[in-house]
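Quick notes on the structure that follows.
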Amino acid sequence: MFKMQSDFTYLMPVHFGGGKFDSETKIIQKATSLAISYETDQKLLENYIPEGFELLAPEVQVVFSKFTEINWLHGGQYNLINVAAPVHFQGEKDELDGSYTLVVWENKTAPILGGREQTGIPKIFADIEDLHVLKPNYATTVSYEGNTFLNMDFEEEGDISGDDLENLKSAFISQNTLGWRYIPKVGAPGAELSQFVLYPQGVEVERAQAGKGSLKWTEMTPMQNPNQYWIINSLAALPIKKVTQSIMIEGKAILRAMGARVIE
C-alpha cells in the first residue's frame with residue numbers, strides 16, 4: 001500500500017509520489033517583464049487588504065511576465081499577470097513590508113497548482129498573449145474564452161542606466177511576496193486552513209527600459225467569465241488616477257518556493 005514519506009513534499013494526487021523537500025531549492029527562470037503601477041482610491045483598495053496588513057500607498061502594481069528556460073519545467077515556459085499592492089504586515093511574531101498579492105493569472109496549470117497549495121499565492125487561469133512588439137511599442141492582452149479583460153501597452157523611451165539601473169537592481173533583487181493560503185472546509189462553511197505566507201523571490205535585472213505605460217480593465221459579465229467576473233470587476237472599479245511607474249525589465253527570476261513560510 002502507498003505510504004507517504006516524512007521528508008517529501010506532495011501535491012495532489014499524492015498517491016503517485018512526491019519529491020524530497022529541500023528548503024534551499026530555487027526556481028530559476030529567464031524573465032521578460034512589463035511593470036505598470038498606478039495610484040488609485042485608497043478606501044476602495046483597502047476593501048481587498050485583510051486585517052493585519054496596512055496599505056503603505058494607494059497603489060496597484062500590475063506586472064506581465066514571460067518566463068522561459070525554467071529549471072523545474074525542464075526548459076518550459078509560461079506567462080503571468082501579477083496584481084499586488086504595497087503593504088506592511090504587523091503580526092504577533094512577524095513584522096515586515098512587502099507586496100500583498102491580490103490575484104495572479106497564469107496560462108498553464110502546473111505553476112498555478114504549486115503556487116496555490118504550497119505558497120498561498122491566489123493563482124487562477126487566463127489566456128495571456130506574448131508581448132506584441134513593434135518597437136518602440138509593446139502590447140499584450142489577457143482574456144478568458146475569447147473575452148479580453150485586460151490590455152497593457154508600453155512605449156519605450158530609452159534604456160535605464162548608471163545609478164538608476166543600480167537602484168532598480170537593488171529594488172528587484174529581493175522582494176517579499178505575501179499571499180493568503182486559504183483552504184475551505186469540506187461540506188461546511190468556513191476555512192479548514194487560513195494563513196498568511198511569505199514567499200521570498202527576486203529578479204536579477206540585466207537590462208531595463210523606461211517608457212510610457214497604460215492599461216485598461218474591461219468589466220465582464222457572468223456569461224463572459226463565470227468564475228472570475230467579480231474579481232475583474234472589482235479591479236476595474238479601482239480608478240486609475242495616475243501611472244506611477246512604467247518599466248520593461250529583462251533578467252533572471254529566482255523564486256525560493258521551498259523557503260516560503262507562514263507569517264503570524
(message) Met4: which residues meet the side-chain contact (heavy atoms from CB on, under 4.5 Å) condition with it, sequence neighbours left out?
(response) Phe2, Tyr10, Val14
(message) Suppose we screen for ring-ring contact (aromatic ring centres under 6.0 Å, His included). Which residues come up paired with Phe53, at least two apart in sequence or across chains?
(response) Phe89, Tyr100, Phe196
(request) Check ring-ring contact (aromatic ring centres under 6.0 Å, His included) between Phe64 and all other residues, then give those that pass, not counting sequence neighbours. (result) none
(message) Once salt bridge (charged side-chain N to carboxylate O under 4.0 Å, His left out) is applied, what residue pairs with a partner in residues 168-177 remain, sequence neighbours excluded?
(response) Glu166-Lys169
(request) Hey, could you give me each pair passing salt bridge (charged side-chain N to carboxylate O under 4.0 Å, His left out) that has a residue in residues 120-141? Not counting sequence neighbours. (result) Lys66-Asp130, Glu106-Lys123
In a table with atom names and distances, give each donor-acceptor pair under 3.5 Å that connects a side chain of residues 233-242 to protein atoms at least two apart or in another chain.
residue: Asn233; atom: OD1; partner: Met220; partner atom: N; Å: 2.8
residue: Asn233; atom: ND2; partner: Met220; partner atom: O; Å: 3.0
residue: Asn233; atom: ND2; partner: Tyr229; partner atom: O; Å: 3.3
residue: Ser234; atom: OG; partner: Trp230; partner atom: O; Å: 2.7

(request) Give every residue pair that meets the side chain to side chain donor-acceptor pair (under 3.5 Å) criterion with at least one member in residues 14-32, sequence neighbours excluded. (result) Asp7-Lys20
(request) Quick one: which residue pairs count as a side chain to side chain donor-acceptor pair (under 3.5 Å) with a foot in residues 155-164, not counting sequence neighbours? (result) Tyr138-Glu156, Glu156-Gln209, Asp159-Arg207
(request) List, by chain and number, the other hydrophobic cluster members for Leu80, where Ile, Leu, Val, Met, Phe, Trp and Tyr join if side-chain heavy atoms come within less than 4.5 Å, directly or indirectly. (result) Ile27, Phe67, Ile70, Trp72, Leu73, Tyr78, Val104, Ile121, Tyr199, Leu255
(message) Which residues pass the side-chain contact (heavy atoms from CB on, under 4.5 Å) test with Thr148, not counting sequence neighbours?
(response) Thr141, Ser143, Asn151
Check residues 185-194 and write down every donor-acceptor pair under 3.5 Å in which the side-chain atom is one partner and the other belongs to a residue at least two apart or another chain.
residue: Ser194; atom: OG; partner: Trp180; partner atom: NE1; Å: 2.9

(request) Kindly state each residue pair satisfying salt bridge (charged side-chain N to carboxylate O under 4.0 Å, His left out) with at least one member in residues 76-103, sequence neighbours excluded. (result) Lys93-Glu264, Asp94-Arg261
